[in-house]
Amino acid sequence: MREVVAGAVISAGRLLLARRTYPPEVAGLWELPGGKVEPGETRGGALERELAEELGIEVAAGEQIGVGVPLREDLSLVALAATLVAGDPRPTEHSAVCWVDADALRQMAAAGELVPADAVWLDDLAGLLT
Ligand code: DCP
């Protein structure tokens with residue numbers, strides 16, 4: 001069983017989203033950025049590493065948000081709150097990033113612009129932003 005950890009990075013009352021480029025089913029949709037937890041890593045350590053690699057930012061990982069989401073029989077997804085410590089996100093693997101408030105997040109969800117797994121956390125995320 002492997003885990004993917006995604007970060008709800010909040011700065012100045014806005015949430016960071018990143019636009020995926022692969023696989024085709026989710027290319028063009030927005031996600032909480034993250035990646036797979038490697039053997040021997042904590043969830044928080046994995047998130048801090050992934051966001052440094054993918055976006056060039058330093059974050060401090062915090063508590064879990066919402067429920068875990070099964071992705072496949074051998075892979076599950078968890079979200080952690082995170083605060084931006086340093087840096088301005090510059091995507092290396094995503095096609096774009098944006099910062100959203102609760103209203104913009106809800107509009108994107110209603111328009112089907114979020115990765116399906118992450119849409120499960122809509123109320124949890126909006127709650128962090130209000
Ligand atoms: N995923 C998701 N929502 C997120 C982050 C990831 O649904 N907020 C899903 C998409 C992929 C899987 O998790 O099916 C793995 O995510 P990544 O591709 O971002 O992770 P890695 O880069 O670590 O994996 P790989 O190297 O296999 O691409």
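Positions are given from 1, in the same order as the sequence printed here. Remember, it's 1-based here, ligands and their atoms both numbered in the order they're listed.
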Notebook entry, point to check: How far apart are the closest heavy atoms of Ala8 and Leu125, and which atoms are they?
Noted result: CB-CD2, 3.7 Å
Can you list, pair by pair, the side-chain donor-acceptor contacts under 3.5 Å of residues 84-99, counting residues two or more places apart and other chains?
| from | atom 1 | to | atom 2 | distance (Å) |
| --- | --- | --- | --- | --- |
| Thr92 | OG1 | Glu53 | O | 3.3 |
| Thr92 | OG1 | Glu54 | O | 3.1 |
| His94 | NE2 | Glu31 | OE2 | 2.7 |

Margin query: For Val78 versus Gly68, what's the shortest heavy-atom pair and its separation?
Written below: CG1-CA, 4.3 Å
Notebook entry, point to check: Closest heavy-atom contact between Ala61 and Leu47?
Noted result: CB-CD2, 4.1 Å
Show the atom names and distances, to 0.1 Å, of all donor-acceptor pairs under 3.5 Å that link a side chain in residues 32-41 to residues at least two apart or in another chain.
| from | atom 1 | to | atom 2 | distance (Å) |
| --- | --- | --- | --- | --- |
| Glu41 | OE1 | Glu38 | N | 2.8 |
| Glu41 | OE1 | Arg49 | NH2 | 3.0 |
| Glu41 | OE2 | Arg49 | NE | 2.5 |

Would you give me the side-chain donor-acceptor pairs under 3.5 Å for residues 106-116, sequence neighbours excluded?
| from | atom 1 | to | atom 2 | distance (Å) |
| --- | --- | --- | --- | --- |
| Arg106 | NH1 | Asp123 | OD1 | 3.2 |
| Arg106 | NH2 | Asp123 | OD1 | 3.3 |

Margin query: Which protein residues come within less than 4.0 angstrom of ligand 1, counting heavy atoms only?
Written below: Val4, Ala6, Arg20, Tyr22, Glu31, Leu32, Gly34, Gly35, Lys36, Glu50, Leu71, Leu77, Val115, Ala117, Asp118
